[in-house]
Amino acid sequence: MGRRWHSFRVVHLLIVVLVAAWIASFASTFASVQSTGFDLAGNPIDPLKSAGGKVVVLVFVRTDCPVSNRYAPTIQKLSAEHASKVAFWLVYPSKSESAEVIRKHEREYGYKIPALRDPQHTLVKESQVQITPEVAVFDAKRHLVYHGRIDNLYEDIGRVRSAATTHELEDAIAAALSGKSLDVAATHGVGCYISDVE
Amino acid sequence: MTRTPQTLSRFLLALAIASAGFAERHPAAARQSSLKLAAAQPQVTFNRDIAPIVFRNCAQCHHPGEAGPFPLLTYADVKTHGRQIAFVTSKRIMPPWLPEQSDLKFADELRLTDAEIALIQTWVDQGEIEGSPSDLPPQPAFSAGWQLGKPDVIVRATKPYLLPAGGSDSYWNFVFRTPVHRSRWLKAIEIRPGDKRLVHHANVLVDREENGRRLEKEPGAGFGGMELIIESEAFDPDSHFLFWKPGSPPYVEPDGMALRLDKNTDLVLNTHFQPSGKPELIQPTLGLYFTDKPATMHPILLQLDNDRMLDIPPGEKNFLVSDDFTLPVDASVLAIYPHAHYLGKDLLAIATLPDGTKKTLIHIGSWDLNWQAVYRYTEPVDLPAGTTISMRFTYDNSTDNVRNPNQPPKRVMAGNRASDEMAHLWLQVLPKESSDTTDPRVAIQEALALHHIQNNAEDFEAHYNLAALLQMKGELPGAVLQFTQAVRIRPDDPTANNALGAVLLASGNVNGAIGYLNTALAKRPDYFDAHYNLGNALALQGDFAGALLHFRAAVRLNPQDAGAEANLGSALAETGNLKEARLHFERALQIDPKNELARENLEQLNRDTHDRPDQR
């Protein structure tokens, strides 16, 4: 069963194939395009414009995704550690999750970072994410330097390490802050498909 | 005035409990074929094709209040998770069901057919069409309350457990004091483990000896730990699997298979939790359902293991642990529970009948601790005497195994922590009654204990259990030998020291007994049995003052024990305190009017004090 690892990879490649056409439609998106979500009062907000020269991390979550929920302590901890130099936003891509439901969710999970709704998937496309929880890291010049998983805690749904051994989001933040480029600028997260939400 | 001392010892059974796995068969193939077929296939609709699959296989967990993280009851529910569902079903991650298909069928099997999985893929690929309302089957009805109706008794954990928001899995044990005032027959326990989304599985152990309480820092606090050892009387209570996993209805024992619940019995709930991302307070409840029909059939739990073989080098991808046990009597297998921790990979159990026929009892090709379960056969599996049950478990201690708790991998041996390993196979078997006077359960237990000692001469439980069986059969020299081995392996174990002391006492070796009984009390000062036995030993030596101290301690620890009261009375009488002696003989008779020792001694006392009213 050394095969297990390989078979897992094959599956992921296959998903890539399945959504290849979809990705292709926005893979060439430029960072300068208007990227707007809505705050919980319904006001349009461009998290990249309002960053004030900080690195921006968009964390895509869903209130009913057990995987993104399990990451809440990690997300909150990373945002607190980098608060002075990095602006974290939670992005809820579902149309059907109301501001009220999101506020309750933030309270329950102890989130202290601002939330945006992205019902049109503008930020989803801008960030090239497909799964909750995936993150997108933009440098001070609004270039997308990384998108994908937070770390490798989950190898697959239900295949969970006792602790993560790679920390892609932290590496990406460090690279964005120092202006260095990353070896791996895109990974696939494990969790819930954003394309499922209305 | 004291009679032959009554010896008390207990039978020890180790019931290992623990906790995660995912089947991943040919996901790629399933997906590809559906893609190819999509264009040519007729339209798949939710109402006609998908709803029946979801209602039958998913909704029992995916409805409000249950374990599933979101409901799957309506078209909208399913559509908003459509691609997810296609993905997890194609990989057979959901529904969770570990055993491979075999000739023997398990109750409540949760397995989608390849055709059902392909249908879901097609439905998603075709754009998740709702279909005609007239095709929609009725939504399954679920009741939020007790699944078996109102329980006869409901017990709630004294203190809740606070599950942290993050970190790795937690294992916690709750000790329930059962409020029964006389022995009752229990036909079912409905386990309500708290928020079902957090609990991967739970086991109840019947604890007649307050083992769990001794592990609590304060009464009702509960205690941590993945595996438990519960000390018990011979054969009982460990003859039943009391197991909860998400989505499975509570199991009702058939008539004649009830479980005895006595006054002062504790129920220990062993649970496995995964953090949810927010702190959670968990306070489980148990619903107890009684029956008037006593147990007439007595199954036993048979454990195969080979912990001594478990010494897995780092990097090893295919480490085999095996055990083979031959049944000494005819028996039927009712249920099976294979168990390993995070390195477990492929778990197989096979029965080879005397005629050479082989039956696969269970095969889990992709073990996952999180979805471990007790599997009950739809029909009992009859195995004749001479059948060999073989356990073949393999382990992956390399980095290929993402669940490996050690990064980088290190040498792993048998143990109770999540980072240790286990190789256990439990079978619930019902021995066939025979005309032979020997209880077939004794024959199985004795064969099993000998088998475990053969596997591992250092197996404490096996020596202890063999000794208890020999003692029960009246073979005292053999019992002394085996208890001596148990004490050699664990010199500080109070139970083994007490048992050895008790059997030495029963064999007439009073001097030999006293040392072990003193050791038992040094290690557990509030040990009723050891106080009682030591009191007897000292009384036999004529040290009634010494005996008095221990009988007083015994009566304090268990005020409802007629034997201790009677012996206290005897020791008081021997030391000349006839007045107080009388009180305790009377108290013994109050507790148990049939206590002969107390009655005879009281009569004797009355005769002796006939002319001495000051002593009455």
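Every chain is numbered from 1 and lettered A, B, ... according to where its sequence line falls, protein lines coming before strand lines. The structure presented is a predicted model; accordingly, all values stated were derived computationally and were not measured.
- The side-chain heavy atoms of A/R159 and B/R403, taken from C-beta on, include a pair separated by under 4.5 Å.
- B/Y342 has its side chain out of reach of A/V160: every pair of non-hydrogen atoms, C-beta onward, lies at least 4.5 Å apart.
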Stepwise, does the side-chain contact (heavy atoms from CB on, under 4.5 Å) test hold for B/I93 with A/D156?
CA-CA 10 Å; B/I93 292 169; A/D156 200 345; 4.2 Å; yes

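- Using a 4.5 Å cut-off on side-chain heavy atoms (C-beta onward), B/Q84 and A/I157 make contact.
- Considering only heavy atoms from C-beta on, A/R62 comes within 4.5 Å of B/T80 through its side chain.
- Side chain of A/D196 to main chain of B/R83: a donor-acceptor pair is present (N/O by atom type, distance under 3.5 Å, no hydrogens or angles).
- For B/K278 against A/E108, the heavy-atom pair with the smallest separation is CB-O, 3.2 Å.
- Contact annotation for A/R107: neither backbone nor side-chain heavy atoms come within less than 4.5 Å of a heavy atom of chain B.
- Contact detail for A/Y109 and B/S276: the closest heavy-atom pair is CE2-O, 3.4 Å.
- Most heavy-atom pairs under 4.5 Å with chain B: of the set A/G110, A/A163, A/S68, A/G191, this distinction falls to A/G191.
- Atom CG of B/D169 and atom OG of A/S162 lie 9.0 Å apart (nearest 0.5 Å).
- For B/N404, the part lying under 4.5 angstrom from a heavy atom of chain A is the backbone only.
- Residues in residues 61-158 of chain A take part in these disulfide bond (SG atoms under 2.5 Å apart) pairs, two or more places apart or across chains: A/C65-A/C192.
- Taking every heavy atom of both residues into account, B/G277 and A/A72 meet most closely at O-CB, 3.7 Å.
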